[in-house]
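Since the structure comes first, as C-alpha cells, the remarks are kept for the end.
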Amino acid sequence: MSDAGDFDDYLKTLGRLTSHVDPTASTPEAERIVAATGTLGELLDTDIAGLAAWVRDHPGDVPVLGLAVGLSQEKLKNVLRDRFGTTGWHGVARTQPVDLVTWLDTEFDLVRMLRTQLARTFTFADILVARAGSRVTATRAGASGRRIEDEIEAIAQDLGLDYVTRSRFTGRNGRTAPADLIIGDPETADIVVAAKGFDSTGSKLTDAVREIEEMAEVRLPKQLVLAVIDGIGWKSRQSDLRRIHQLWADRQIDGMYTLVSLDRFRDDVREFATLRRLI
C-alpha cells in the first residue's frame with residue numbers, strides 16, 4: 001500500500017459525478033427571476049460577448065443562467081468552487097465575466113440553451129415536465145451516487161473475487177461496521193471498501209466520514225480497509241475530507257482513491273488478494 005500523499009493533491013483529483021440534466025422548460029419562481037429573464041430577452045444577441053456584459057451588469061442574476069442549463073443554486077456553487085475556487089458568483093461575474101460565460105457555454109452549452117428556450121413557445125405539457133424536473137434530477141443523482149459502487153464492484157468481479165455489497169463486516173471483539181464492498185465472508189472479511197461519492201453537500205458527507213471512522217475503529221490487523229471517494233461536493237466540506245485523509249496518514253486505513261486513481265485501487269486489491277491467496 002502506498003503512503004498518504006498531500007491532501008491538496010488529493011483534493012485536485014476530485015471530479016463531478018452527477019450527470020447533466022437538460023431542462024427544456026423552466027418556469028420563474030420569483031419576481032427576481034422574471035425581471036432577470038426580461039433583461040436577457042432584451043439582449044441584441046445571446047452570444048459570449050453579450051452574456052459577459054450582462055453578467056457584469058447583473059452579477060446577482062448569475063443563478064438564472066444556472067437555472068437555464070439545469071443547475072440549482074447549490075450545484076452552481078459547487079461547480080463554481082470546482083472551477084474558480086469560490087462559491088461567490090457576484091465576484092466572478094464582476095471580475096471574470098468572459099471566463100465565467102465561456103466556461104458555462106463550454107461545460108453546459110449555455111448559448112444554445114438560452115437561444116432555444118428564449119425563442120420557444122411553451123405548452124402546458126412543458127410546464128408539467130418542468131415541475132417533474134426535480135424528481136428526474138433526484139433519480140439521476142441517485143444513480144450517479146452509485147457510480148463508485150458500480151466501478152469497484154466491477155473490479156472485484158473482473159479479479160474473480162467473492163464479495164458482497166452494501167453490508168456489514170465483523171471486526172475486533174465481534175463488533176461490526178458498514179462497508180459498501182466486502183471481499184470474502186463478511187464474518188471473516190479480508191478487504192472492506194467504503195465508496196462515497198457526492199456532488200452536493202449535506203449531512204450525508206459527515207455520515208460517510210463516521211462510517212469510515214467506524215470501519216477503521218473495528219478493523220482487525222489482517223483486514224485491509226480502503227476508501228474510494230469522489231465528487232465536487234467534498235470541496236465544500238474539506239474538513240470532513242481531511243478527517244478521512246488523516247486516517248490514511250495515520251495508517252488507520254490502508255488506501256484512499258478517486259475515480260481517476262482506480263487503476264491503483266485495482267493493483268492494490270489484486271496485490272493483497274494474491275498475498276491472501278484469494279485469487
Side-chain angles (χ1 to χ4, degrees), residues 5-23 26 33 36 40 43 46-117 133 137-138 140-141 143-145 147-148 196-202 204-205 208 228-242 244-245 256-262:
D6 182 75
F7 175 79
D8 289 334
D9 289 339
Y10 184 89
L11 194 67
K12 293 175 183 177
T13 67
L14 296 176
R16 188 170 55 221
L17 296 173
T18 50
S19 57
H20 177 55
V21 179
D22 179 1
S26 179
I33 298 178
L40 275 173
L43 289 176
T46 51
D47 58 7
I48 297 296
L51 289 171
W54 185 85
V55 300
R56 186 190 60 230
D57 294 338
H58 304 85
D61 291 331
V62 170
V64 171
L65 298 184
L67 289 175
V69 296
L71 295 173
S72 66
Q73 281 201 19
E74 182 183 6
K75 286 190 175 182
L76 178 62
K77 288 179 180 179
N78 284 326
V79 295
L80 282 172
R81 184 189 294 276
D82 185 46
R83 171 60 180 82
F84 294 98
T86 177
T87 60
W89 55 75
H90 291 80
V92 177
R94 291 192 182 102
T95 61
Q96 303 177 71
V98 175
D99 290 344
L100 174 60
V101 172
T102 301
W103 168 70
L104 284 170
D105 188 49
T106 301
E107 290 292 319
F108 305 105
D109 203 13
L110 173 64
V111 171
R112 185 190 66 82
M113 291 289 292
L114 276 177
R115 288 176 176 173
T116 299
Q117 294 179 74
T137 303
R140 294 191 183 184
S144 67
R147 178 181 171 189
I148 295 178
K196 306 301 178 186
F198 302 99
D199 272 353
S200 59
T201 57
K204 287 185 177 180
L205 282 79
V228 183
I229 299 168
D230 215 326
I232 59 175
W234 289 102
K235 293 188 176 184
S236 297
R237 299 291 286 267
Q238 292 185 31
S239 60
D240 285 331
L241 188 63
R242 282 184 184 276
I244 302 173
H245 190 268
M256 187 173 172
Y257 316 81
T258 60
L259 289 176
V260 298
S261 60
L262 279 183

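Values below: all heavy atoms of this structure, side chains included; hydrogens, waters and symmetry mates excluded. What you see is a predicted model; the values in this text were computed from it and never measured.
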Measure the spacing between [atom1] of [X] and [atom2] of [Y] and express it to the nearest 0.5 Å.
X	Y	atom1	atom2	value
D109	L114	CG	CG	10.0 Å
R16	N78	CZ	CG	10.5 Å
D82	K75	CG	NZ	14.0 Å
K77	I232	NZ	CD1	13.5 Å
L104	M113	CG	CE	12.0 Å
D240	K196	CG	NZ	13.0 Å

Which heavy-atom pair separates [X] from [Y] by the least distance, and what is that distance?
X	Y	value
G50	L43	O-CD2, 4.0 Å
L110	D105	N-OD1, 3.3 Å
V228	I148	CG1-CG2, 3.5 Å
T258	I229	CG2-O, 3.1 Å
G15	D230	N-OD1, 2.6 Å
G231	D199	CA-OD1, 3.3 Å

Counting only heavy atoms not in K235, do more than 12 sit closer than 6.0 Å to its NZ atom?
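Yes - once you tally the heavy atoms of other residues, nucleotides and ligands closer than 6.0 Å, there are more than 12.
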
Heavy-atom check, side chain of [X] versus side chain of [Y], under 4.5 Å:
X	Y	value
V55	V92	no
R81	S236	yes
T46	W54	no
V79	E107	no
R242	F7	yes
D47	R115	yes
M256	L241	yes

Going by the rule side-chain contact (heavy atoms from CB on, under 4.5 Å), which residues pair with A52 if we only count those two or more places apart in sequence or in a different chain?
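A52: side-chain contact (heavy atoms from CB on, under 4.5 Å) contacts with P97, V98, V101.
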
side-chain contact (heavy atoms from CB on, under 4.5 Å) involving D57 - partner list, sequence neighbours excluded
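In terms of side-chain contact (heavy atoms from CB on, under 4.5 Å), with neighbours along the sequence ignored, D57 is linked to no residue.
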
Take L259 and R147 through the side-chain contact (heavy atoms from CB on, under 4.5 Å) test and state the conclusion after the steps.
CA-CA 10 Å; L259 289 176; R147 178 181 171 189; 3.6 Å; yes

Do L40 and L51 pass the side-chain contact (heavy atoms from CB on, under 4.5 Å) test, and can you show the C-alpha distance, the side-chain angles, and the key distance before you say yes or no?
CA-CA 8 Å; L40 275 173; L51 289 171; 3.8 Å; yes

Look only at the side chain of T95 and the backbone of G91, and say whether a donor-acceptor pair between them is shorter than 3.5 Å.
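Judged by distance alone, yes, a pair lies under 3.5 Å.
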
Under 3.5 Å: donor-acceptor pair, side chain of H90, backbone of V62:
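A pair under 3.5 Å: no.
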
Looking at residues at least two apart in the chain, or sitting in another chain, which of them share a ring-ring contact (aromatic ring centres under 6.0 Å, His included) with W89?
none

Going through the checks in order, is the side-chain contact (heavy atoms from CB on, under 4.5 Å) test met by L100 and F84?
CA-CA 9 Å; L100 174 60; F84 294 98; 4.0 Å; yes

Run the numbers on V111 and I48 for side-chain contact (heavy atoms from CB on, under 4.5 Å), then give the verdict.
CA-CA 7 Å; V111 171; I48 297 296; 4.0 Å; yes

